[in-house]
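Scroll down for the structure; my scribbles are underneath it.
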Amino acid sequence: MRKSVTKLSCLLAAAFLLGGCLQVLFATEDDVTPRISFPYNANERLAKRFSVDGILNYTLLLLSQEDDMLYVGAREALFALSLSDISKTKLQKNLMWGTPPGKREECSFKGKNLETDCFNYIKILLRMNSTHLYVCGTYAFSPVCAYIVSDDLSFC
């Protein structure tokens, strides 16, 4: 009888412990509190717009607190925008990383659409260290990666 009471106590303790762990786990998944928030009328809440004529598909963003930049990967382009004001064109750096015509033709021969698929879409954008980024693009369905110097957005 005493062994069964001890086993039951251990089982109940384990169940409470497991229940507490699950509660913590699910509580963090449901927590959607933003990391940064502003009151409705705050001056810091101003929205800024960035776009460049002829550039489409701004799909990849990398926020870099090391150099106060927002890196934006787009179709055939990479941009470095100053966090102080992303809309000021004089503060921007960019790298045009187009696909050569030969690669675009190869892509078309693979059955891809020349007008929509056969471009270099930036898909991976990582900060390697304080001076370099690692960037990968689709390069017309022939993926290519490169190291980029973050100071001037040039290839290494």
Side-chain angles (χ1 to χ4, degrees), residues 17-156:
L17 183 62
L18 180 61
C21 290
L22 288 175
Q23 183 179 12
V24 168
L25 177 68
F26 289 121
T28 56
E29 281 184 14
D30 292 337
D31 184 13
V32 293
T33 306
R35 287 182 272 169
I36 298 175
S37 62
F38 298 104
Y40 178 73
N41 292 329
N43 290 335
E44 301 93 345
R45 192 171 184 211
L46 298 175
K48 301 289 182 181
R49 182 174 172 80
F50 165 77
S51 66
V52 174
D53 290 337
I55 302 294
L56 305 171
N57 205 282
Y58 302 91
T59 55
L60 199 59
L61 303 173
L62 173 65
L63 182 61
S64 176
Q65 293 178 332
E66 291 88 1
D67 54 1
D68 289 329
M69 298 296 264
L70 175 65
Y71 293 97
V72 180
R75 185 174 93 173
E76 305 215 331
L78 176 66
F79 299 95
L81 309 176
S82 171
L83 289 179
S84 63
D85 187 351
I86 66 167
S87 65
K88 289 189 178 177
T89 54
K90 65 181 178 185
L91 300 176
Q92 298 172 13
K93 295 181 267 183
N94 66 61
L95 170 68
M96 302 311 289
W97 191 10
T99 310
K103 279 291 179 197
R104 294 195 66 219
E105 283 182 32
E106 274 181 39
C107 176
S108 179
F109 291 141
K110 294 177 184 178
K112 304 300 178 188
N113 186 322
L114 191 60
E115 299 302 315
T116 57
D117 297 331
C118 299
F119 293 97
N120 187 23
Y121 293 93
I122 306 298
K123 294 293 184 181
I124 296 175
L125 179 54
L126 301 169
R127 175 162 281 293
M128 294 303 297
N129 54 37
S130 62
T131 59
H132 290 85
L133 302 171
Y134 185 67
V135 182
C136 298
T138 59
Y139 212 65
F141 281 85
S142 298
V144 173
C145 295
Y147 290 99
I148 307 292
V149 178
S150 57
D151 283 344
D152 60 358
L153 289 189
S154 63
F155 291 103
C156 290

Self-check item: Distance (rounded to the nearest 0.5 Å) between Asp85 CG and Phe50 CZ
Solution: 12.0 Å
Self-check item: Separation between CG of Leu56 and OG1 of Thr116, rounded to the nearest 0.5 Å
Solution: 11.5 Å
Exercise. First locate atom CE of Met128, then atom CG of Leu133, and finally report the distance between them rounded to the nearest 0.5 Å.
Key: 9.5 Å
Quiz item: How far apart are the closest heavy atoms of Tyr139 and Gly98, and which atoms are they?
Solution: CE1-O, 3.6 Å
Quiz prompt | pair Leu126-Leu62: side-chain heavy atoms closer than 4.5 Å | solution = no
Quiz item: If you draw a 6.0 Å radius around CD in Glu66, do more than 12 non-hydrogen atoms from other residues or ligands fall strictly inside?
Solution: yes
Quiz item: Checking Lys110 side chain against Phe141 main chain: does a donor-acceptor pair fall under 3.5 Å?
Solution: yes
Exercise. Answer yes or no: is there a side-chain heavy-atom contact under 4.5 Å between Tyr121 and Thr59?
Key: no
Quiz item: Are any of the side-chain heavy atoms of Val149 and His132 separated by less than 4.5 Å?
Solution: yes
Self-check item: Sidechain-backbone polar pair: Arg104 side chain, Ala140 backbone, donor-acceptor under 3.5 Å
Solution: no
Self-check item: Least distance between heavy atoms, Thr99 atom then Lys103 atom
Solution: CG2-CB, 3.5 Å
Practice problem: Please round to the nearest 0.5 Å and tell me the distance separating atom OH of Tyr71 and atom CG of Leu63. | Solution: 10.5 Å
Quiz item: Lys123 side chain to Gly73 main-chain N or O, any donor-acceptor pair under 3.5 Å?
Solution: no
Quiz item: How are the rings of Phe155 and Trp97 set to each other: parallel, tilted or perpendicular (split at 30° and 60°)?
Solution: perpendicular
Self-check item: Point-to-point distance, once rounded to the nearest 0.5 Å, from OG of Ser51 to CG of Asp53
Solution: 6.5 Å
Exercise. Over all heavy atoms of both residues, which pair between Ile122 and Leu60 is shortest? Give the atoms and the distance, please.
Key: CG2-CD2, 3.9 Å
Self-check item: Heavy-atom closest contact (Ser150 atom, Ser130 atom, distance)
Solution: OG-O, 3.8 Å
Self-check item: Spacing of CG belonging to Asp152 relative to CG belonging to Asn94, to within rounding of 0.5 Å
Solution: 11.0 Å
Quiz item: Once the angle between the rings of Phe79 and Tyr58 is folded into 0 to 90°, is it parallel (under 30°), tilted (30 to 60°) or perpendicular (over 60°)?
Solution: tilted
Quiz item: Are the side chain of Thr138 and the backbone N or O of Phe119 linked by a donor-acceptor pair below 3.5 Å?
Solution: yes
Exercise. Please name the pair of heavy atoms, one in Leu61 and one in Leu70, separated by the smallest distance, quoted to 0.1 Å.
Key: CB-CD1, 4.3 Å
Self-check item: Nearest heavy atoms of Asp151 and Lys93, plus distance in Å
Solution: O-NZ, 2.8 Å
Quiz item: Counting only N and O atoms by type, is there a donor-acceptor contact under 3.5 Å from the side chain of Glu76 to the main-chain atoms of Asn120?
Solution: yes
